[in-house]
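Here is the naming used below: chain letters follow the sequence lines, and residue numbers restart at 1 for every chain.
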Amino acid sequence: MAHIPQVLPSSIPIPSFVVKTYSYVWYYLYAILMKIPGGPYVISYVRKSHQDDPYRTAVEIILILYGIGYYLSKPQQKTGLQGTKPNLTEQEVELLIEDWQPESIVDESAMELQRWRLEKMPVLEMGENENRVTVTRNEGSERYTDVLNLASNNFLQLAGTPEVVEIVKKTIRNYGVGACGPAGFYGNQDVHYNFQYALAEFFGTEDAVLYGQDFCVASSVLPAFTKRGDLIVADDQVSISSQNALQLSRSTVYYFEHNNMESLEALLQELTEMEKKERLPAISRKFIVTEGLFHNSGDIPPLPVLTHLKNKYKFRLFVDETFSLGVLGASGRGLAEHFNMERASSIDVTIGSMATALGSSGAFVLGDHVMSHHQQIGSNAYCFSASLPAYTTTAATQVLKIMDRDNSAVTRLHQLSQQLHDFFNSDSQLSDFITVTSHERSPVLHIQLTPELRSSKFNYTAQELFETVSHLQKRCVTTKFVEPYEQEEQFLQSIVDTLLSQHGILITRNTIVLRQETLPVVPSLKVCINSNIEDSELTTACNAIKASILHYCSH
Amino acid sequence: MSTPANDGRVPLIEPEDLPVEVKRENEYGSLGSRDYLYQVKSLKDEPIQRPIIDTPPYYISLITYLNYLILMILGHVHDFLGMTFQKDRHLDVLERDGFAPWYSKFESFFARRMKKRIDDCFSRPTAGVPGRFIHCIDRISHNLNEYFTYPGSTSMCLNLSSYNYLGFAQSEGQCTDAALASVDNYGVQSGGPRTQIGSTDLHVEAEKLVASFVGKDDAMIFSMGYGTNANFFNAFLDSSCLVVSDELNHTSIRTGVRLSGTAVRTFKHNDMAGLEKLLREQIVLGQPKTRRPWKKILICVEGLYSMEGTVCNLPGIVALKKKYKCYLFVDEAHSIGAVGPNGRGVCDLFGVDPADVDILMGTLTKSFGAAGGYIAAQQWIMDRLRLDLTTANYSESIAAPVLAQIISSLKTITGELKPGEGKERLQRIAFNSRYLRLGLQRLGFIVYGSPDSPVIPMLLYCPSKMPAFSRMMLQRKIAVVVVAYPATPLIESRVRFCVSAALTKDDLDYLLRHVSEVGDKLYLKLSSGRASPPEDGNPPRWDIEDVIARTAEDCKDNKYFVI
């Protein structure tokens, strides 16, 4: 056996038959390889590589064989129906399929108890005056004429002025109505671009991006920038559009106490320390999410402190200003102006709506060039949706022009908001039953029942409601019906009804979809004013509202 | 008023002062001959074939991959050099003052280094009505599309890009009159959420009309099509429900389903056998981990797939849905108005009873020349949804001028307004779609989709042919949309022709001549003839004159198409 390697390590005891088999294998392999053209090269390569260690070659050959075997073997069947796991016969499968009974597509069990919500929905009839309207309800069976509209979000009512109407008509005559395409494919027209320039100029940012609807902007913009591992710190009373954004963001979300800056700072401090310990290879994106004028409570966050904290801890500030743009600040430039700050240096991402104070429809995002540019590539609601009708942009451009040259509508609105809040805040009779949560500059007055009244009348607390709802959501219970909450809603609705039928005043409940809320929320009433309301109308309305509330709450 | 050329801003274009007849003709071309009409027939008893997908020769796929490879290598070299020597020009992807960049270098690579090279083919600003012609605002690209300047002029291009299927994008006529009247009567503001203050009698009227048009009890209209889907599914689904979704469903559906937390399983595009297997498996296996049965299973499909031009196999899906007690959601974003003998969408096309589809969703942006979306279902379903939909309770409502446009265009289609006009529009788009499709097939291009689809994707393959095609077409005054990865599979870059009833046969001939010429130059005639019924066994490479002479008659015959 000439080719048996000379040096066999004697330190490892090996049964002689292994040595023998191996020697034979090697011998014949060698013989075959020598005959194949190119074989000698392989032999010399193997010799060099095994460096006088035949065992190493053996291990390598076994590994190669195992690799080939593994590659050729059939992959493990996934659990199919007749596969390995459940191993069911055809008949059993048929039976299981036959047995399966799905739930009905929507839950109808509580519908009869909640039908009043549909019946109480107001429908406005055609009319020129936005403040004096004709309202019908329940498919026309109730009809009220000359009703004072205290429910509209059109706070400044500038879109109804003749100059805006004229521009709108001119636009429709030149552009038609629809834009018939998404922004990326010929959908953005010159008026869209110019409205973006006007927005950026008016609010003092580098750029602006238009969206089709206010509600889905936050949930499209935030996820366009965040991914797994990013950090979001959010106010624990943000409205549902921001809640959706947080859910879609894939990031780690922490909440701080509503408008409580100590709570926020403590949280930021803790997060920063945590991050230092983790020693990540790159900095993660970090956001603070809050609202300019809170959707559910109408109060205002302390922007100077927020800006200070976000700069200190290197967070970016994301503010949903759906209700505050056009309302806050001396000229309606929003939260930043309210605190006499520059928007560009204090807020990184601003969400604005054209459907509130600007009196048109659609929405927009304000921010710097880089952020705006990336939205146009990465934000779903921008990329996959048709552009706004041209007239909405020219209407809003004109409204901005009016606001720029004359802030009397905003001033008037502030004056009326002050008057409204003064009335309700100073009233000692009312304070036993209701709390006003909104800021005095908010054109929407938010009225909640006091916690005491709630627990005595309906026997539950906000916290209990939150826990019940979370429990229902976690357990995926189909019927999400909470009786005491429903009773309170109905109670508030009876106040709305009385005001409508007896006083000719239309206010509204803050309509909440309880099953969707992931943060604590309580029922409330909203009184919305606009700058075209007369002082006397407001006084009469305030007294009527007070009387109705007292009437229902005091017994 | 035109702003000076060099500030990099899109100028406002002052509308031209044209006589009404010229303007009307530019928005909606008048019909050349009654021969150029085609009445779509219901496919009620026709067997549905799965469309055959034609593939290009292997070397084309290879070149396409090579093309991407070169672009990627160049991109990385560009990135390396740029981020080493020109830090100030890459501030967007580098960390700054302790802030993470807005987006990561890796994720944005495709957008920065590949899409940006052809940015001049996207987001072309336009002016005026996107009707038969579209006014593209001229722009000059600088520094590889780093920024654009605008000389202030426009080019009037033939419009194959807008979703203006029935040609309702017009600035005069009954729809515009209705919109103008609504501005006076209702104003332009939206007031607030539907459940609070946003409902007017106009909303009620429009919803009733939409409901009866699609064949349901009740409907709801929202101000944005994407938003309709994106905030729809969480109203009635949760994580113990299952959504079975076609792999090519639109992002809005995916976002909506993700928001609801529902489990999702996808099946291959229009693959009925795959769908059935999946349904059987899921009903038996139930929820992963807990093994409890699913509470409900919802099948989500689109009526007409906007990137493929294929129509869903509705009869097949309805049969499966009934057999396995699932629910069915059909998104008719592109098909409503544009498809079917009466324009009532895929149910109409296949002769399926709308009652067999649980939820019909659609958009009003496309065929109706308006904006927004709708959801239609039985009364008891809609009642519940009105209470549970977040969009209805928190979002702005749709504004009056848009509603007026919807109402008037719907009434035109049904024949209530201007009897005969709606019918003609439907017959024109059907003819135009078939004519263009068969014409392209005969010239030798690979096109995807169903014969009655107004969306006609034509395959380009190489990413570099995309900008070339788009630019050459723009030079020839034709506006087209090119799409590539990630909207399509990596190698299947394509151009998408959106046919409109506003186009005349002469327009389509003009288009065919130029596409044929450009197709020769760019080597795009690659069809093997497999996907169209064979004529003589050879790949079709007709001469353009023959195509124009013979296609108008032939395109009305189903034997030239795969149904």
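Put simply, the side chain of B:T390 reaches to within 4.5 Å of the side chain of A:F215, judged on heavy atoms. Between A:F384 and B:S252 there is no side-chain heavy-atom pair separated by less than 4.5 Å. Looking at A:R173 and B:E172, their side chains never come closer than 4.5 Å, going by heavy atoms from C-beta outward. Looking only at side-chain heavy atoms (C-beta outward), B:S395 and A:D214 come within less than 4.5 Å of each other. Taking the side chain as every heavy atom from C-beta outward, B:R384 and A:Q114 approach each other to under 4.5 Å. At least one side-chain heavy atom of B:D184 sits under 4.5 Å from a side-chain heavy atom of A:K169.
Ring geometry for B:F122 against A:F185 counts as tilted: the plane angle lies between 30° and 60°, on a 0 to 90° scale. A tilted orientation is assigned to the rings of B:Y394 and A:H295, their planes being inclined by 30° to 60°.
No salt bridge links A:K314 with B:D97; every basic N to acidic carboxylate O contact stays at or beyond 4.0 Å. Note on B:R280 versus A:E94: salt bridge recorded, some NZ/NE/NH1/NH2 to OD/OE distance being below 4.0 Å.
Residue B:V402 touches chain A through both its backbone and its side chain, counting heavy-atom pairs closer than 4.5 Å. B:I381 touches chain A through backbone and side chain together, each having a heavy atom under 4.5 Å away. In this structure, the portion of B:C136 lying under 4.5 Å from any heavy atom of chain A is its side chain and not its backbone. At a 4.5 Å heavy-atom cutoff, B:N159 makes no contact with chain A through either its backbone or its side chain. Neither the backbone nor the side chain of B:A377 comes within contact range of chain A, judged by heavy atoms closer than 4.5 Å.
Note: A:G359 leads A:G140, A:A282, A:G359 in heavy-atom pairs under 4.5 Å with chain B. Interface summary for chain B: among A:D107, A:V168, A:L248, A:L514, the most heavy-atom pairs under 4.5 angstrom belong to A:L248. Interface summary for chain B: among A:R117, A:E130, A:R115, the most heavy-atom pairs under 4.5 angstrom belong to A:E130. Of the listed residues A:T392, A:V164, A:V177, the one with more heavy-atom pairs under 4.5 angstrom with chain B than any other is A:V177.
In terms of heavy-atom proximity, A:K227 sits nearest to B:S104 at NZ-CB, 4.0 Å.
Both tests hold for B:R9 against A:Y197: distance to the six-membered ring centre under 6.0 Å, angle to the ring axis within 45°.
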